Each structure stands twice: as C-alpha cells, then as structure tokens.
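Heads up: the structure comes next, in structure tokens.
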Amino acid sequence: MEKPTPVHGESRRNFIKKTTALTALAVTPGALVKAGENHESIASFFEKTPLKMEINGKAVEVLVDPGVSLLDMLREQLGLTGTKKGCDQGHCGSCMVLVDGKRVNACLSEATDNNGKKITTIEGLADGDKLHPVQEAFIRHDAFQCGYCTPGQIISAVACIREGQAGSEKEIREYMNDNICRCGAYPNIIAAIIEARDSGKKI
Amino acid sequence: MNTEKIIPPFAEDDDRVDGIEKVTGRATYTADFKPANMAYGVFVTSTIARGAVKNLLLHEARNAPGVLDILWYQNCPALPGYRPWAADPQKKGFEWRGLKIFDNNLVHYFGQPIALVIASTWEKALKASALVKAEYIQETFEVDFDSLRKDPSRLKPSGEYKRGEPDAYKKAAFYVESEYHMPIETHNPIELHATIAVWEGDKKLTVYDKSQGPKGTQNELARLFGLETANVRVITRFVGGAFGSGLRSWPHVPAACIAAKLVNRPVRIQLSRRQMFTMVGYRPMAWQKIGIGAAADGTLTGITHHAVSNTSRYEDYREGIVNASQFLYECPNVNTSYKILPLDINTPTWMRGPGEASGAFALECGLDELAHKLNMDPVELRIKNHAVLHPQSKLPWSSKHLLACYDKGRELVGWHQRSSVPGQLTDKGRRVGFGMGGGVFGAYRGNATVKAVLTAEGKLTLMSAVSDMGPGTATAMVSIASGAMQIPASKVSFLLGDTDFPPGPTQGGSATTSTLGGAVSIICESLRDLLKEIALKQVTGFAGLQKEDLEFGKETLFSKKDNSLRISLGDLVKATGKPQLELVKEAGPNPAVMQKYAMNSFSAHFVKLAVDMETGAIELLKVVCTGDGGKIVSPKTARSQMIGGAVGGIGMALTEEALIDLKTGRYLNDNLGSYLVPRHTDVPYIDTWFPDIADPVINPLGTKGVGEIALVGFAAAVANAVFNATGKRIYRLPIKPAMLI
C-alpha cells in the first residue's frame, strides 16, 4: 500500500484558465445574444421551462431550469424564503407548502410539475398584518424555539385541521408526524393546534 | 453576597419578541440571504476514510454548464492562520483549529471535503460536483470503537481524580459495577449549516453564518485571513437550532470565504443533510464503567467512574464525562479516569449537556441499580446522599434547591404508584414502570457589553453581538429591561446577530441569560441613575429631591413623596436637548465573590412508561422535568427549553444512534429518515416545574440557566423506568424494542 504524503496547496498553486464563451457567441443569432452576456445564460435560455402558477393568491410567471425543485424555485427565484430547506430528502417537513390545498414537501416536487397549480406558502397565510389563527396559536403556546421548522409545522397544522384529522391528540400527532421539530416543541405544537381547531375561526 | 441590586418584576407578557417573524416566514436565517451576484458552492467529499488525494480529474466538471471554478488544495491560497509562524507575530499563538480545509491533500475521514465546485446556481454546482473523479492513495483506517478502546496503548489519558481511597466501592456492604455504552449522537438542527462570504476588495469581509457566537467567528476569520477584526463583519440574524454545532467555525466557513475570493463573487455554501453528519461535529461514542458502593442504610462509601470517548485522528476533543460523579453526591471515596481514543472519523464537539449528559447516564443508572440492591427508593437514596457542601471544594453552593425538585417531581409523576419490585404494574396488558434521573451542570457568568439607546419617544433599544439558536435570548432581555425600566415590552427591543454591535458572549453552556442578562440589568441600573440625575438637575419641580425619593413606573419617573410629580422617560430625554440617550456598558462577574461558592444548576427528571412485552414497544405515558435554574426570567421560554431538553433526552434514550460502517468508515444512516430524532408520536405531554428561586450570588437577576440540565439525566430516567417496568437493565443506548423481548 502506498503511503500518503501531505502536499500543501501553496507550493503547487495552479490556476487553471477557464474556457471562454466567444465561440458560443459567434454562432448564435443576434436576437439571442441580447438574451445573455455569456454562453451560460444563452444555454439556459434554451433549457428553461416557462411556468404559470398562482402563488399566495397572485398569478406568477417564472422560467425555471431543469431539475429545480419547487422549494428552490420558491426560495432562490421568487425570494419566498419562508419555506425552509431542512434535508432536501422529504424527511423533515420544513419545506411543506400547500399545492391545490394538499400538503407537499416542496423539496421532493419538481417545479415543472406544478404548472397551473395553486401554491400556498407560509407567506400566504396571514391576511396583511392579521395573523392566521394557527400562527396566533403558535405564538401564544410558544410552539417553537428556533423557528426554522415552524413554517412547515404551521402549513402542516392548517392542512391537518382542514382535512379533519385533528380530532384527538393522538390523531394530531399521527397526522403531524412528517414534521420534525429538533428543538422539541411538540407538546406546545399540539396545544396550539387544539386551540386553533377550537377557536371557532376559519382555518 | 452580591453587591448588585436584584431587579424586581420582569415583564408579564412573555410571548417571544420574534414570534411574528418566526410564524410568518419573515425570520431570516443564513441561507435566506442572497447578496447580488451570489454563486453557490457544493463540496466534493472523500470516499476513503484515510489516505491522500493523489489527483482530482476536474476537466468534465470544469466544462459543465454554469461552473465558475473548482477549489481544492492545489489552488487554495496560503492562509496566515494555517501557518501561524508566517503570520503576524502578534497573532503568533493562533492556529486554525481542526481540519485545515484545502490546505493539503490528506484524507482523515470518509466524507471529508476535498474540493468545492462553485457555479452560478446550486443545481449546476451539485450536478458538476458529481462529475469530479478522485484518485486516492489509500491507507488502513480504524473506526471500531468497541474493540479499539480495549487496547490501552491507543488511549490518550485525559484526566484522573482521586478523593479518599480508590475503588472503595468494592469493600462496601452493597455495591454495583456496570459498563455503559453510548453511540454517536448528532446535533442535526433542522437548519442546515450555511455560510455566505462577501468580499469588498482584499481587506474587508462580510460573512453571513450559522453561528452560536458571531464574535467568535469574527475573531477566527480575522486571524485566519490576517485581517483587521473590525474589517470582518459576521451576521447571524436567526439560528435554526444548533445545540452546540454552532459553537465553533467549521471548515465550510473558511471554504466559502476562500471560494468567494477565487471567483470574485459572493459565495453561499449550505451543507447537505448528509454533510451535517461529517462536517459539524457530534456527541462522541462513549464507554463507561461505574462502581458505586453503599452501607446498608444507603450511605455512599465509594464511587469509581472510568470513561473512554472517541476523538478524531487530527484533533483532540475532550468533555467532562466523569466530572459529575466527583461532586453530585456526598461520598468520601471517589476516583475517576477519562481517556480518549483517536479514530479515523471527523472530530466530535460539544452537544447539549456535553460530558455531563453522557456521564449522568452511567451515574444515575448506577444509583438506580444500587437502590434496587439496597431495596431502597431511588429518590430516597439520592436524598440520603444529598451534598450540602460541594464535596470537592467544600464550598457552599451559591444556591441549591434540588431537594425541592425531587419532591415536586415525585408528586407530579405519581411516584407513590411505583412498585419497588419490577414488572408489578400493568396497563392494558403492558408493563408500566417509573424511573428518575438527576442532572447537574455548571452555572456560569461571563463578560458582555451592551449598548442602550433611549429615544425621545420613550422607546428603548438594547444591542449586543450575540446570536440566538432558539432559547429566546431577545425575549428574555426585553423582559429584563422592560421590568427594570417599567417600559412595556412592546416599546423595548433587543438587537442581536451582528458583530457591528458591542461584543456579547457565545451562546453556550447555559450561560447566556446569566451573562447577557446580567449586563442588561447593569446597564438598566446605569440608565435609571442617569435619568434620575437628569430629572434632579434639569427638570423643574424635581430640584431639591434626592435620588432615593424617585421611582420608575408606567414609563415615567415620579417622586415617591408626591405622586403627581412625574415626567415621562421620553420627556426626560428631551430635557437633555439631545435626540436620544446612549449608554454602553460592560459587565461581568466579580471573581472575588464568585470563588467563595460552588455554582451549579440541578435537575430531576421523572418518567412513567409502558412496555408491550410482545413487541418491546415503549410508550412514554408521563414525563416530568424539574430544574433548579435559579430565577426564571421568562417562564414561557424556560418551559420550552426544558421540554426541548426532555425531547433531546427521549432521542438519546430511545432513538438516536449514528452508525459507522466498519468496512468503509462511512456513516450508514446519515439522513433524517434513518437517523431517528424524536417525532410528534414519540413525545407525550411534558410537565415542567422550577423552584424559581433567585441565586443570590451569580448575577443581579439570580438566574442560573436551564439549557443543559433539561437534558442531563433524562436518558437515565427512561432506562430506570424500563427496568422498573420489565426487570431488564439496559446498558446500551438507544434502548430498542428488541432488547426488551
């Protein structure tokens, strides 16, 4: 077995030059050159898919790259950073949004699969400065500490109540089980959901 | 005693001051920031556990769409902090701790970053990172903790302690001797660690970072890159949990800074969940052997506690795993030893209740085992050996209300129903058991500087460069200031998360409320004094009165002699002719006073659970956590912290275990689908209780902290309840159903 020798970076500094975009530009029709300043954006222009959605009640048109998740589209392209990336694997629930009223882990959903759909994110729950009853209950019961999983918990809680799956405490736990809270606010989350459910307000 | 005045009532309304931001998605965590023209970095990680990178084949990745550059050891510039001898002589003592990313080609563990692909979008960086091919020189690696810890020649001694006669427990009328095993536990906050680096020229750096200590990060980066500290700004507005993983700067932090310089654009690195196992530390594996002996009446005569935990091959990590055994109970003969075992895995770090949480599993299970042998109630055994003076230093505790915790905990959990004979209680065919475990952690206070600004509108703003990973620092500080100044919480704000504010402490060791709250109450005292002076000197009607004649209430300063003589705080500011009053104050402990006392927080956790003897399934029926954390500043958030600690304890006891493959050295379950953290269905209602009695010494508030004691001792309570239910003593965490059938 060969013995590894440490090689330090600074002794072999080696900056490799990048290929330029000049060739690409030379063969591109004039109209498209305007679409971008280098080869990358021209290539992207050809690859992007135009989508139309209703997000938080507003019509949105967006061009997305292939392979972009609904989560990254919301966060990186539309600046809706309330929806959080916690695992990117569908395990933690912090990216939950409502798609046509149903709970979806936005990290597992291709952006392009959501064309024509209605999306509700955490930013779309409150009515201006008036908080949604579930948001109010979360504050009152201190149903979070760091707040990072909270948007997903709240979206999930709203759906849980709307679906009629917030009967007993046991049932709520079962139907909230896709949402991890590492700070461990679970008992307070359950209390908040029960209060919101029984508030008589429209959820 | 403390010369600082204990400040009366805290604000009543203790909803979190950042609650609205958190429930509306407006709270900005590190990866929510997106400076203009930002690029994205994705790591390529090693697929061997030990050796070196011979070569990286980068051609394909470099030519992939959107790729701006690839950073690895061959194009990483020399950093002053990597080579301390070359650095500024004044900073000679500093050398970057732990893995020096991209400094050389050595591979210390599976999953180590060996290159960073930087591209215009995250997807493009991710895609290109998969195109990098690595050629390695492989070496034999070692990751088998359970076997290697038995070879004494591999262990690094890390402290021994002796009081009285060693191994005295063996001569006791009754004694127990057992070995305990704990796996790797990972912090896994739901927020992925992330860093964004933005350079302005070569000398000025702004970094958005998930950190428990922005000032610490600022200092580390300034020294690493040879910059003026004032030219490095660290912004940490919100932290999505950390539990210790944000206590130091990990290699991805400098990597983002180096990358941003390389491509001359801001760069964001957000770790993947898998990388959260290999790049930001974990609670180490631990083996412990504990022997405890007692006389027939339960008086302890000897405790012997040995522990080995793992570290990495490139950095030593130690924690206070055997410390609590030295002082939590009265015992004349105690000896302990602690050793660490280097392995070819990444470096562990402090995780909630570091050391104590692991040690308490052995100590508190050992006591339970001893109580059973003595045919004595486990709570009574602890009360029998309750230490009044600190057994090592013989100093009095500044405050200790642990006995009250035992009493309340017993009452709340229904301890009287417990049978001392295991397996006697049943519920719907399941065996029911009760268990308890005690916890302890140091109560600390450090230095903090706070700035206060009072405006002519009577609004008070406080600021300090701390961050808040979740406990609710700003909420507690607003509560303290609101109470001290008699200004409603809605008119008080606390700004944090930016090194442009005056220096505050790193959030860790349960010391934030003590340290920062202490400083906030001191600055409020100064502000009250200043406002009184202004009234006496510059406001007609107040002339001739003394400071003692004045009191604050309802946003005003008034004369106790004549309640109608009052002026609003805003008008007091106006009286000075300035737009606002500003004060900056540093405050810290008085060592001369502090060294006369032992200072600790204490806890006692109680669990009632049921075990299905057919399936081994465990259901927690009732959980009660009691904690002496001194004065509770913010009851709502303190309760949340206590609940959170218990949930961490549920994970430690029943679900959490990061597994390393002995054949490859890689983590086998590096995701939240198979590394199981507690979920909704694992957690019952949790009752909490605090004596809520101010400590007269530690700080003007009398608060000692609850963050760590919330977890320390909890896993033992579960294991002891499992024994009480089933008669099976489980020595290896997590407790799995298969162990019970």
Side-chain angles (χ1 to χ4, degrees), chain A residues 1-10 12-16 18-19 40 43 65 67-68 72 76 81-89 91-92 94 121-123 126 131 135 138-140 142 144-151 154 173-174 176-177 179-180 182-190, chain B residues 15-16 19-20 22-27 29 31-32 51-52 62-63 65-66 73-78 102-106 120-123 137-139 188-192 238-241 272-273 469-471 636-637 640 643-644 646-648 671-673 677-681 683 685-686:
Chain A
M1 192 172 288
E2 215 175 328
K3 179 83 181 157
T5 7
V7 179
H8 289 278
E10 70 271 26
R12 292 180 54 184
R13 219 185 290 179
N14 176 21
F15 292 96
I16 300 167
K18 276 183 50 122
T19 54
E40 185 206 332
D65 278 333
V68 173
D72 287 315
E76 302 299 328
T81 54
T83 307
K84 300 302 183 204
K85 183 179 282 194
C87 67
D88 228 18
Q89 295 170 307
H91 292 148
C92 76
S94 59
T121 71
I122 189 70
E123 290 93 343
L131 295 179
Q135 290 173 317
F138 264 60
I139 292 178
R140 196 157 37 249
D142 208 35
F144 51 86
Q145 286 198 67
C146 78
Y148 195 82
C149 74
T150 310
I154 290 176
R173 288 195 186 103
E174 292 285 347
M176 289 295 294
N177 222 25
N179 295 84
I180 295 175
R182 188 57 163 152
C183 297
Y186 296 119
N188 295 350
I189 294 171
I190 301 301
Chain B
D15 281 353
R16 280 174 196 261
I20 291 175
K22 286 179 174 176
V23 301
T24 54
R26 295 206 292 265
Y29 302 81
D32 298 338
R62 276 191 189 285
N63 289 313
Y73 81 93
Q74 287 209 0
N75 62 353
C76 180
F102 305 140
D103 182 51
N104 59 48
N105 65 335
L106 291 180
S120 57
T121 72
W122 176 71
E123 289 81 5
I137 302 164
Q138 285 202 49
E139 257 198 305
N188 268 311
I190 300 303
E191 182 195 16
L192 301 162
F238 283 87
V239 178
S272 68
R273 183 53 64 183
M469 62 175 153
K636 202 180 241 184
T637 56
S640 288
I643 291 173
V647 173
N671 58 70
L672 293 175
V677 303
R679 287 176 179 265
H680 276 283
T681 47
V683 179
Y685 177 76
I686 295 171

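The model shown is predicted, which means the values in this text are computed figures rather than measured ones.
With hydrogens and angles ignored, the 3.5 Å screen pairs no side-chain donor or acceptor of B:Glu191 with any backbone N or O of B:Tyr29. Side-chain N or O atoms of B:His680 include none that pairs as donor or acceptor with a backbone N or O of A:Arg173 at under 3.5 Å.
Per-residue heavy-atom pair counts under 4.5 Å with chain A were compared for B:Ala27, B:Gly644, B:Pro471, and the maximum is reached by B:Gly644. When each of A:Ile189, A:Asn179, A:Ile180 is checked for heavy-atom pairs under 4.5 Å with chain B, A:Ile180 comes out on top. The choice from B:Thr24, B:Asp32, B:Leu672, B:Val647 that makes the most heavy-atom pairs within less than 4.5 Å of chain A is B:Asp32. Interface summary for chain B: among A:Thr83, A:Thr121, A:Thr150, A:Val68, the most heavy-atom pairs under 4.5 angstrom belong to A:Val68. With chain B as partner, the option from A:Gly82, A:Ala185, A:Gly184 having the largest number of non-hydrogen pairs under 4.5 angstrom is A:Gly184. Between chain A and the options B:Val239, B:Asn671, B:Thr637, B:Ile20, heavy-atom pairs under 4.5 Å are most frequent for B:Asn671.
Interface remark: A:Thr5 contributes backbone atoms only to the contact with chain B (heavy atom separation under 4.5 Å). Within the 4.5 angstrom heavy-atom criterion, only side-chain atoms of A:Asn188, from C-beta onward, approach chain B. Using a 4.5 Å cut-off between heavy atoms, A:Glu174 contacts chain B through both its backbone and its side chain. For A:Asp88, the part sitting under 4.5 Å from any heavy atom of chain B is the side chain, from C-beta outward, and nothing else. Looking at A:Lys84, the atoms closer than 4.5 Å to chain B (heavy atoms on both sides) all sit in the side chain, from C-beta outward. For B:Arg679, the parts sitting under 4.5 Å from any heavy atom of chain A are the backbone and the side chain alike. For B:Ser640, the parts lying under 4.5 angstrom from a heavy atom of chain A are both the backbone and the side chain. When heavy atoms are compared at a cutoff of 4.5 Å, B:Ala31 approaches chain A by way of both its backbone and its side chain. With a threshold of 4.5 angstrom between heavy atoms, A:Ile154 approaches chain B through side-chain atoms but not through N, CA, C or O. Both the backbone and the side chain of B:Pro678 come within less than 4.5 Å of a heavy atom in chain A.
Looking at every heavy atom in both residues, B:Asp103 comes nearest to B:Tyr73 through C-CB, 4.3 Å. In terms of heavy atoms, A:Ser94 sits closest to A:Lys85 at OG-C, 4.0 Å.
Residues B:Arg16 and A:Gln145 have side chains in contact (heavy-atom distance under 4.5 Å, counting atoms from C-beta outward). Counting heavy atoms from C-beta outward, A:Ile122 and A:Gln135 have side chains that approach closer than 4.5 Å.
Taking 4.0 Å as the cut-off between side-chain N and carboxylate O, B:Asp15 and A:Arg140 do not count as a salt-bridged pair.
Taking the side-chain contact (heavy atoms from CB on, under 4.5 Å) definition, one finds that B:Asn104 meets it with A:His8, B:Leu106, sequence neighbours left out.
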Checklist entry - Going through the distances and angles, do A:Leu131 and A:Ile139 end up as a side-chain contact (heavy atoms from CB on, under 4.5 Å)? => result CA-CA 10 Å; A:Leu131 295 179; A:Ile139 292 178; 3.8 Å; yes

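The closest side-chain donor-acceptor pair between B:Arg273 and B:Asn188 falls under 3.5 angstrom.
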